[in-house]
Amino acid sequence: MAQAIDPTGSSEVVVISLSATLAGSVFGDHCSPISDTTVLSSAGSKCDHIEHVYTQLPYALMVAFCAFSGYVVAGFTKSLGLSFGTALVLLVAAAFIINFKNKTEKA
């Protein structure tokens, strides 16, 4: 499919397609209550299984939103660097916002 989208043979579209596939599978693995890693993580830490799934969701959704934004940029520009840069800037900004909110709540 990547070859049909970009017949010039650019490897950037292939890399973006593969990274989107892998990002989606990691997101599904973190958010699924029946995933083996989720079950083993909650059992290993001796916490309630569903509570563990709920604690994973905000972080997984934040990263998924940043990755989605990067893939939208990639769809319009077909630039691997610009796509990665967009996702990275959003992720760093989200980390700073969360840190700022935590500091103001403690004060």
Inset, instruction - Could you grab the distance from atom CG of L61 to atom CZ of F68, nearest 0.5 Å is fine? - result: 13.0 Å
Inset, instruction - Give a yes or no answer on whether the side chain of T104 reaches the backbone of F100 with a donor-acceptor pair at less than 3.5 Å. - result: yes
Inset, instruction - Given side chain to side chain contact (heavy atoms under 4.5 Å, CB included), test I97 with K101 step by step and report yes or no. - result: CA-CA 6 Å; I97 290 169; K101 282 181 71 175; 4.3 Å; yes
Inset, instruction - Give a yes or no on whether V63 and I98 share a hydrophobic cluster (residues Ile, Leu, Val, Met, Phe, Trp, Tyr; joining criterion: side-chain heavy atoms under 4.5 Å apart). - result: yes
Legend entry - Neighbour count >12 (heavy atoms, 6.0 Å) for atom CD1, I34: no
Legend entry - Which atom of G70 lies closest to which atom of S83, heavy atoms considered: O-OG, 2.8 Å
Inset, instruction - Verify the distance criterion only: is there a donor paired with an acceptor across the side chains of H49 and S42 at less than 3.5 Å? - result: yes
Inset, instruction - Using a cut-off of 6.0 Å, state whether more than 12 heavy atoms not belonging to F84 lie near its atom CZ. - result: no
Inset, instruction - Indicate, with yes or no, if L40 and I50 share a hydrophobic cluster defined by side-chain heavy-atom contacts under 4.5 Å among Ile, Leu, Val, Met, Phe, Trp and Tyr. - result: no
Legend entry - S32 side-chain N/O to D29 backbone N/O, donor-acceptor pair under 3.5 Å: no
Inset, instruction - Return the minimal non-hydrogen interatomic distance between A23 and Y71, and the atom names on each side. - result: CB-OH, 3.6 Å
Legend entry - Sub-4.5 Å side-chain heavy-atom contact between S35 and H30: no
Inset, instruction - Go through T86 and L90 one step at a time and tell me if the side chain to side chain contact (heavy atoms under 4.5 Å, CB included) criterion holds. - result: CA-CA 6 Å; T86 301; L90 286 174; 4.3 Å; yes
Inset, instruction - Take atom CZ of F27 as the centre, draw a 6.0 Å sphere, and report whether it contains more than 12 heavy atoms from other residues, nucleotides or ligands. - result: yes
Inset, instruction - Would you check if the side chain of T38 reaches a backbone N or O of C31 as a donor-acceptor pair within less than 3.5 Å? - result: no
Inset, instruction - Rounded to the nearest 0.5 Å, what's the gap from OG on S45 to NE2 on H52? Could you check? - result: 6.5 Å
Inset, instruction - Mind running side chain to side chain contact (heavy atoms under 4.5 Å, CB included) on M62 and L91 for me, showing each step along the way? - result: CA-CA 8 Å; M62 179 184 65; L91 192 59; 4.3 Å; yes
